[in-house]
Amino acid sequence: MGMNPVTTERDCDDIAPAVALFSSLGDPARLRILRRLARGDARVMDLTAELGLAQPTVSKHLACLRDCALVDSRPDGRASWYSLTCPELLDLLVSAERLLSLTGNAVALCPTYGQQAIVATVEASARPTAD
């Protein structure tokens with residue numbers, strides 16, 4: 001029995017939250033930020049120093065992650081400490097690492113999402129942006 005190639009609006013509504021979640025995790029800088037926050041709370045200055053990303057880049061990605069309810073912040077004087085909102089996110093990241101291991105990281109060879117595409121994206125996100 002073949003799959004029905006017709007996608008209904010309801011199908012899209014059912015998967016839209018998952019698509020948004022995986023899209024939010026799909027950016028290398030955001031994923032690096034989440035992996036760092038999995039080890040504990042951090043400020044923007046901590047993340048820029050540890051990850052080698054520009055401050056505007058880190059702030060932009062933290063805002064996206066906050067809008068997706070994946071991270072939260074608490075003020076501390078003039079700074080804010082960022083943390084993961086749900087420990088289940090760690091489970092998802094661990095499951096993803098396991099899946100990558102089981103497939104021999106074959107996705108790294110994908111021309112659309114593989115290593116070469118990631119390197120180009122990381123290099124672009126590491127460049128300082130003009131304010």
Listed partners of A20 passing side chain to side chain contact (heavy atoms under 4.5 Å, CB included), at least two apart:
none

Rounded to the nearest 0.5 Å, what separation is found between the CG atom of L37 and the CG atom of L89?
9.5 Å

Would you indicate whether the side-chain heavy atoms of P56 and K60 approach each other to under 4.5 Å?
no

For residues 66-78, please give each side-chain donor-acceptor pair under 3.5 Å, one per line with the distance, not counting sequence neighbours.
from: R66; atom 1: NH1; to: Y82; atom 2: OH; distance (Å): 3.3
from: R74; atom 1: NH1; to: D41; atom 2: OD2; distance (Å): 2.7
from: D76; atom 1: OD2; to: W81; atom 2: NE1; distance (Å): 3.0

Which pairs, with at least one residue in residues 42-51 and sequence neighbours excluded, count as a side chain to side chain donor-acceptor pair (under 3.5 Å)?
R36-E50, R39-E50, R43-D46

Can you name the side-chain hydrogen bond (donor to acceptor under 3.5 Å, both in side chains) partners of S83, sequence neighbours left out?
none

Answer whether the closest heavy-atom distance between the side chains of L53 and L47 falls below 4.5 Å.
no

Do any pairs count as a side chain to side chain donor-acceptor pair (under 3.5 Å) and have a residue in residues 87-98, sequence neighbours left out, and if so which ones?
none

Looking only at heavy atoms, which two atoms of L93 and L31 are closest? And how far apart?
CD2-CD1, 3.7 Å

Using a 3.5 Å distance criterion without hydrogens, assess whether the side chain of R30 forms a donor-acceptor pair with backbone atoms of S24.
yes

In this structure, which one of L65, L90, L92 forms a side chain to side chain contact (heavy atoms under 4.5 Å, CB included) with L34?
L65

Can you pull the salt bridge (charged side-chain N to carboxylate O under 4.0 Å, His left out) pairs that have at least one residue in residues 99-109, sequence neighbours excluded?
none

Minimum heavy-atom separation for A38 to L84, with atom names?
CA-CD1, 3.7 Å

